Protein chains: 2
Amino acid sequence: MTSKDVARVAGVSQSTVSYVMSGKRPISARTRRIVEDAMAQLTYQPNAGARALASQRTQIVAVVMPFDSGLGAAGLMAFIEEITLAARAHDHDVLLVTAEEGVDGLRRVAGRALCDAVVVMEVGSDDPRAAIARDLRVPTLFIGIPDDPAGLHCVDFDFEDGARLLVAELADRQRVTALAWGSDTVARHLNYVPRFRAAAQEAAEAAGVALDWVPLERATVEEQVRAVLAAGADALLVTAHLTRVVHAVQDAGLRPGTDLDLVALATDVDATGFTVPLTAVSTHPRDVSRQAMSWLFDLLERGSGPAQVRRVPASVSRRSSVRSGPTPRVPRP
Amino acid sequence: MTSKDVARVAGVSQSTVSYVMSGKRPISARTRRIVEDAMAQLTYQPNAGARALASQRTQIVAVVMPFDSGLGAAGLMAFIEEITLAARAHDHDVLLVTAEEGVDGLRRVAGRALCDAVVVMEVGSDDPRAAIARDLRVPTLFIGIPDDPAGLHCVDFDFEDGARLLVAELADRQRVTALAWGSDTVARHLNYVPRFRAAAQEAAEAAGVALDWVPLERATVEEQVRAVLAAGADALLVTAHLTRVVHAVQDAGLRPGTDLDLVALATDVDATGFTVPLTAVSTHPRDVSRQAMSWLFDLLERGSGPAQVRRVPASVSRRSSVRSGPTPRVPRP
DNA sequence: TTGTAAGCGTTATCAT
DNA sequence: ATGATAACGCTTACAA
């Protein structure tokens, strides 16, 4: 079934069929009805390739996946779900590109006109994909902020703000241990690590709390937690390997909120998945992707706007993993 | 840049450029070099829409996501990764379709010629998508087995086999409690639930063990586990909500492998993510998707083959959550 | 308000 | 071994 068939059955020209679909020119009510009937009768569906060729629009958004989900599989799925949802709401489909393809993946989907736009997840500090994005055929939106975001469209969670909020929750402690991202994450040059760290450090100093920074290594999480606990730590700020950390704590016979304080940077689901719901700053993966997609379609519809960096604000959810309750000493700027 | 430009620069006809790319007719070494140089010089990339229109092949595989990952987010991501990997290995891309679109999603991607094939994940017993797949324009591969798989290409983990293996691990116990999928999963009519249950029941009877079936409800997992434990259960077979179950058990002061036996149906990562590594039957999500994709490309390349159901064999990994060690009394058929 | 026809960038069938 | 050229199915000026 082609639009030609529809035209023949409806007794109109092919262009009329096209205009009925696109609404790009006025059609009499009568003609519209006839055409729509014909389409229904033939169960006509426009050919995507032909349409893309003629219109120079594919109605497809390419999404470049992260190498390894910093947010965990659940967070990643939330991202993807939200992205496809937004895409469908704008009559677009989602094409998946693996991070492994690297720069070539971007070149391919843009160069072959496989998509109208691309979203790149988890961009690193000196991400080579950022460099080439500047002269890509299609608008590109980054999730994460490279060191030089000039000329780029970037959306990210406000890690600095999150760090401050988290420290504020433990501001009346003498000493806080930050169980944070390890060398694997650092190796990927995700600059939210230094961003978060710097902000946390600054906030801690302002509040007069000593902040010990412990990078958690995948292979030794439990061991490290035990060591930290053995050393007497009783205020934990965790940003990585949350599940394993909490279990290690519990295995040590300690309960967050009773025997020690624990705050986390985590998604809401993750923070509430334990027997003790955790006080946490949520990274709001869904908000980030919603923000990204709405911006993307803005660019697509209203033409490419000015490059900028947009941060999704942080917020803390107080639950029961902090003993004394909230007594923040650090004012939020 | 179009192939016309390449042809001009290379001083050959457009068709020669096309044949250099496709290899569908002999090209002299000299001509090939000239053309390839021109392509490189212009950084030419063929237009996907035009190619799809002319060749009737999009080089795209549509993947219909599950409603709610029965395997958990991690398992789902494994699926997706494996699928995109396989697709790229065959020079195809992956288009994501949400389960929410239901039957219409299938009709859309097939009808508009957005893809050459489709993979449907997590199909239910009387999945309406199965019905329409039979007369879809493109080969369709189901992950999961509907009640009437006639005329369909289905791949699934062998849940029956998995059930038997799991029961065998606890075959010398008097009484085993199965903490299994709850009403939400059942409501989705995933027929691996009854398939698993029937096989487990049969194996249990053969082995002379009493099998108590407890459907775990999302809202009350911990409560149910406590109740079961309080009732004296000391041999658990869990197929759902694994993390929460294990934590509930530990919170009750019990250690799997020490105070009670626990075997699970889970991915390997999930089974080893606890302080006590669990004896488990792995659902091998990666194997399932690899199997599915290799079959799919067989169909695509060698033309649509005969419909059938293919099961990915189960296997048990003995770890340390069972006390007496493996003493299976139930022979594997 | 509607129709005609020229592309869009490939592939593939004839020729040569 | 290579070159013309007619599709492929749609969109969109340009006419009427």
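Everything numeric in this text was worked out from a predicted model, so none of it was measured. Within every chain, numbering begins at 1; the chains are lettered A, B, ... in the order of the sequence lines, protein sequences first and strands thereafter.
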Sugar-phosphate, base or nothing in reach of A:Val17, heavy atoms under 4.0 Å: nothing
B:Ser28 side-chain N/O to D:dA1 phosphate OP1/OP2 under 4.0 Å: no
Protein-nucleotide distance (A:Ile27, atom CD1; D:dT11, atom C1'), rounded to Å: 13 Å
Any donor-acceptor N/O pair, A:Asn191 side chain to A:Ile145 backbone, under 3.5 Å: yes
Any donor-acceptor N/O pair under 3.5 Å between C:dG9 base and A:Arg51 side chain: no
Whole angstrom value for the distance that separates C1' of C:dC8 from CZ of A:Arg112: 18 Å
Touch class at under 4.0 angstrom, heavy-atom based, for A:Ser15 against every strand present: base
Nearest-Å distance for atom pair CE/C1', residues A:Met1 and D:dG9: 13 Å
B:Arg25 (side chain) and D:dG3 (base): donor-acceptor pair under 3.5 Å: yes
Euclidean distance, atom NZ of residue B:Lys4 to atom P of D:dA6 [Å, nearest integer]: 13 Å
Set of residues satisfying side-chain hydrogen bond (donor to acceptor under 3.5 Å, both in side chains) with respect to A:Ser15, sequence neighbours excluded: A:Ser13
Where A:Pro146 and A:Cys154 come nearest, the two heavy atoms and their spacing: CD-SG, 3.8 Å
5' precedence on DNA chain D between B:Gly11 and A:Leu53 (nearest-nucleotide basis): B:Gly11
Sugar-phosphate, base or nothing in reach of B:Ser22, heavy atoms under 4.0 Å: nothing
Presence of A:Tyr19 side-chain N/O under 4.0 Å of C:dT4 phosphate oxygens OP1/OP2: no
Integer-rounded Å distance: C:dG3 P and A:Arg8 CZ: 15 Å
Which atom of B:Leu53 lies closest to which atom of A:Ala50, heavy atoms considered: CD1-CB, 3.7 Å
Rounded distance in Å - CZ (B:Arg57) to P (D:dC8): 18 Å
Distance below 4.0 Å between A:Ser18 side-chain N/O and D:dT11 OP1 or OP2: yes
Separation of atom CD in A:Gln56 from atom P in D:dG9, rounded to whole Å: 19 Å
